[in-house]
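Letters go in sequence order (proteins before strands), and every chain restarts at 1. Every value quoted in this text rests on a predicted model; they were computed, and no experiment measured them.
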There are 2 protein chains.
Amino acid sequence: MEPAGPAASAGRTRPVRIVDVAALAGVAPGTASKALSGSGQLRAETRERVRRAADQLGFVPDGVGRALSSGRSFTVGLLTTDSIGRFTLPVVLGVEDALGAGDVAVLLCDTRDDPLRERHHLRSLASRRVDGIVVTGRRTDPRTPVSADVPVVYAFQPSRREEDTSVVVDERGGAVAALAHLLALGRTRVAHITGSSRHAAARSRAEAVVDAAASAGRPLVVDPLHGAWSEEWGRRAVDLLVRQVPDVDAVSCGSDQIARGVVDRLRELGRTVPDDVAVTGFDDWDVMALASRPPLTTVGLQMHEVGRTAARLLLEAVDGRPQPGTVVLPTHLVVRGSTVA
Amino acid sequence: MEPAGPAASAGRTRPVRIVDVAALAGVAPGTASKALSGSGQLRAETRERVRRAADQLGFVPDGVGRALSSGRSFTVGLLTTDSIGRFTLPVVLGVEDALGAGDVAVLLCDTRDDPLRERHHLRSLASRRVDGIVVTGRRTDPRTPVSADVPVVYAFQPSRREEDTSVVVDERGGAVAALAHLLALGRTRVAHITGSSRHAAARSRAEAVVDAAASAGRPLVVDPLHGAWSEEWGRRAVDLLVRQVPDVDAVSCGSDQIARGVVDRLRELGRTVPDDVAVTGFDDWDVMALASRPPLTTVGLQMHEVGRTAARLLLEAVDGRPQPGTVVLPTHLVVRGSTVA
DNA sequence: GAACGGCAGGAACACGTTTTCTGAAACGTA
DNA sequence: TACGTTTCAGAAAACGTGTTCCTGCCGTTC
């Protein structure tokens with residue numbers, strides 16, 4: 001009863017199946033499948049005929065049928081340890097970017113730091129027969145591995161199990177690079193202001209700065225000041241610092257937020273940045289780094305690349321070439337007005 | 001040859017199928033399906049026996065098989081008009097939140113403002129037989145509708161076609177509320193500083209403020225100042241403003257970034273906020289609103305709720321109850337130190 | 001005692017694709 | 001001409017679930 005025309009307008013038109021293509025090309029469905037996938041032994045003429053029929057009908061293979069048949073769903077899960085935020089978002093986009101190119105889709109699973117939600121999502125992903133899972137999280141403290149029947153890659157937040165595949169960022173290297181930059185500018189009295197010591201990121205960056213400063217013969221003028229990841233703490237820390245070390249001439253900060261607070265407070269105290277005091281940030285968060293006066297010299301983390309790399313490693317693992325171990329991605333120093341005029 | 005035990009350890013264990021459950025319960029696969037789904041006519045005892053068998057084996061129905069059979073994939077696509085950013089992220093999370101509860105998964109498709117990518121993603125979603133699509137975007141300018149064979153709901157950025165289902169935020173209402181708050185504080189010389197007039201958000205908020213001020217008998221002291229969505233513009237706009245209207249006593253801003261620049265610059269000029277000049281922001285972006293000194297009174301947009309609502313409307317439409325038209329969600333004013341001491 | 005109705009559960013098929021197996025035709029060689 | 005080999009394409013099974021149809025049994029009623 002319904003019009004047989006293949007190109008109905010907007011309304012819910014039932015999709016063309018491979019049998020439709022096969023019928024138009026005058027071959028069996030299996031043959032059409034072989035023709036379109038490039039497998040099997042077919043005459044070039046037949047192959048081309050099927051291909052033309054598929055084009056003409058606008059055939060798009062049904063992913064569900066394909067998944068059922070092939071056992072691969074061409075879908076991966078993206079599971080967050082906490083909630084997607086400023087840090088994990090670029091990772092997520094990097095994953096989506098790298099996978100989308102390979103016609104692999106991403107199932108978004110936001111955990112919100114809730115183990116129950118994590119279990120729920122893992123079951124959901126398992127039932128959907130995803131080909132693999134990317135696990136990410138805001139913190140850099142290693143997390144307990146997830147248990148899944150498919151390959152798993154950890155992005156930014158590594159797995160506690162070293163034989164798992166993890167992609168992390170060279171935080172220590174970045175912190176050392178920022179410090180080296182300050183020393184190269186001739187600064188000799190350097191302080192480090194950073195976030196809570198309960199965060200691995202704060203601890204490892206601080207340790208790296210302390211070690212590098214000491215081995216350069218320019219030990220920090222005070223122990224690292226641990227507080228919060230906020231502008232407010234940056235401002236307060238400056239007050240503490242200048243009281244203790246009035247002639248400080250450089251501050252290495254654990255984040256751009258802290259650095260911005262530091263810069264603001266220094267200016268209010270009448271110190272010129274960078275002439276009197278040079279300041280470095282961390283993260284290269286444009287909203288902070290560029291709005292600061294002067295804009296911040298900071299350490300870029302390339303989170304997008306973390307996501308892309310994790311996605312690539314996952315695809316490798318799905319294809320049977322797992323690569324255990326942790327990949328450490330380099331950071332890069334972005335020099336702006338807070339260190340050089 | 002392989003161990004028949006159902007609970008193999010970590011290694012790639014083949015998932016239990018419904019036939020396994022049926023065998024253990026001593027019924028046919030079809031019966032097991034009926035027992036677990038609650039359909040068909042079965043004795044309560046049989047139903048319970050199957051249920052126990054499923055629990056014992058840890059059976060999770062294969063989503064792929066189910067999708068193929070039922071025609072529903074229990075998956076929806078989330079398509080961004082531009083790229084996921086600060087504004088759209090809460091929408092995305094709201095969508096994921098509302099759908100995850102109903103065992104519906106979210107396929108993430110980031111468009112990056114590229115029509116080619118959008119086409120690619122739409123094809124991918126179609127091939128995966130998603131049940132519906134949520135479209136979102138950073139800007140509030142209506143977008144050209146997407147063409148898909150499944151229900152579509154637009155979140156935050158509405159569709160240009162009015163009969164489509166869109167969920168937006170009451171920007172005008174929010175802008176009016178902020179202005180009313182300033183007037184209620186006794187301010188009489190109000191200015192409005194906002195972003196580029198090329199953005200619908202800037203235009204509609206500015207119009208609303210102008211209209212509300214005029215009808216309250218307190219017209220704005222100058223025409224709205226259009227610039228950029230940045231702190232830098234906020235600071236520059238203050239310089240322009242005080243030169244023109246030295247006795248301005250309130251500034252309504254189009255965004256928290258602008259408001260923060262305004263507050264900073266006013267303080268540098270020796271004006272006290274809020275005593276000399278009261279300032280309101282827009283968006284309630286914690287990073288800006290709370291780090292500002294004083295913290296910003298601002299308009300909260302509840303983007304999370306936009307996502308949740310869009311998801312709910314989409315599920316309704318998938319279930320055959322489409323609700324055409326635009327839903328406008330209320331904003332709420334968050335009062336902080338930039339207007340009241 | 002037979003006919004009928006209602007209920008429990010089994011068998012078969014549908015969904016759309018991929019893949020394997022099999023068969024037929026074409027071709028070459030002895 | 002007969003036989004073997006190669007090339008191509010079709011038929012059928014497989015993937016796992018949901019649903020429909022159908023059969024058999026039991027109880028009831030005339």
Side-chain angles (χ1 to χ4, degrees), chain A residues 12-51 53-54 57-75 103 124 126-131 149, chain B residues 12-51 53-54 57-75 103 124 126-131 149:
Chain A
R12 297 271 201 134
T13 163
R14 81 172 306 167
V16 294
R17 296 153 303 164
I18 200 167
V19 288
D20 304 324
V21 176
L24 179 61
V27 298
T31 307
S33 170
K34 278 178 274 194
L36 294 174
S37 72
S39 66
Q41 316 214 64
L42 268 68
R43 236 182 329 171
E45 191 271 332
T46 309
R47 211 177 280 278
E48 187 51 36
R49 185 154 39 94
V50 173
R51 206 165 280 163
L57 265 47
F59 170 69
V60 179
D62 182 313
V64 180
R66 192 218 296 253
L68 186 61
S69 170
S70 67
R72 279 199 54 180
S73 62
F74 290 91
T75 304
D103 271 318
S124 167
S127 83
R128 289 188 155 76
R129 303 289 183 261
V130 291
D131 299 332
D149 286 339
Chain B
R12 298 271 200 132
T13 162
R14 80 172 308 169
V16 293
R17 295 152 304 165
I18 202 167
V19 288
D20 304 324
V21 176
L24 179 60
V27 297
T31 307
S33 171
K34 277 179 273 193
L36 294 175
S37 73
S39 66
Q41 318 215 59
L42 268 70
R43 237 181 328 171
E45 191 272 330
T46 309
R47 210 177 282 278
E48 188 50 36
R49 185 154 40 96
V50 173
R51 207 164 280 163
L57 264 46
F59 171 69
V60 180
D62 183 314
V64 180
R66 192 219 296 253
L68 186 61
S69 168
S70 68
R72 280 200 53 182
S73 62
F74 290 91
T75 304
D103 271 317
S124 167
S127 84
R128 289 188 154 76
R129 302 291 183 259
V130 291
D131 299 331
D149 286 339

note = Winner on side-chain proximity to B:Asp62, out of D:dG18, D:dT20, D:dT17, is D:dT17
request  = Check every strand shown and say whether A:Val27 touches a base, only sugar-phosphate, or nothing at a heavy-atom separation below 4.0 Å.
outcome  = sugar-phosphate
remark   = Bounded by its outermost nucleotides with an atom under 4.0 Å from a heavy atom of chain A, the footprint on DNA chain C reads C:dG16 to C:dT20
key: OP1 or OP2 of D:dA9 under 4.0 Å from side-chain N/O of A:Arg43   = yes
query = Which atom names give the shortest non-hydrogen contact between A:Ser124 and A:Ser127, and what distance separates them?
reply = O-OG, 2.9 Å
key: Considering all heavy atoms, the nearest A:Asp103-B:Arg128 contact   = O-NH2, 3.5 Å
inquiry  = Regarding A:Gly26, tell me which of base, sugar-phosphate or nothing describes its non-hydrogen contacts under 4.0 Å with the strands shown.
reply    = sugar-phosphate
note = The bend of the helix from C:dG1-D:dC30 to C:dA30-D:dT1, taken between the axes of its five terminal pairs at each end and rounded to 10°, is 70°
Whichever of B:Gln41 and A:Ile18 has its nearest DNA chain C nucleotide further upstream toward 5' = B:Gln41
task = Using a 4.0 Å heavy-atom cut-off across all strands, classify A:Thr31 as base, sugar-phosphate, or nothing.
result = base
Between side-chain atoms of residues 18-30 of chain B and protein atoms elsewhere (two or more places apart, or another chain), which donor-acceptor pairs fall under 3.5 Å?
residue: B:Asp20; atom: OD2; partner: B:Arg17; partner atom: N; Å: 2.8

inquiry  = Students often get this wrong, so: under 4.0 angstrom with heavy atoms, is B:Ser33 touching a base, only sugar-phosphate, or nothing?
reply    = base
query = Donor-acceptor pair, B:Ser73 side chain versus B:Arg129 backbone, under 3.5 Å?
reply = yes
ask   = Which pair of non-hydrogen atoms, one from B:Leu42 and one from B:Lys34, has the smallest distance, and what is that distance?
value = CD1-CB, 3.9 Å
remark   = Taking for B:Ala44 and for A:Phe59 the nucleotide of DNA chain C with the nearest heavy atom, the one nearer the 5' end belongs to B:Ala44
key: Distance below 4.0 Å between A:Thr46 side-chain N/O and D:dA9 OP1 or OP2   = yes
query = Between the main-chain N or O of A:Gly65 and the side-chain N or O of A:Ser69, is there a donor-acceptor pair closer than 3.5 Å?
reply = no
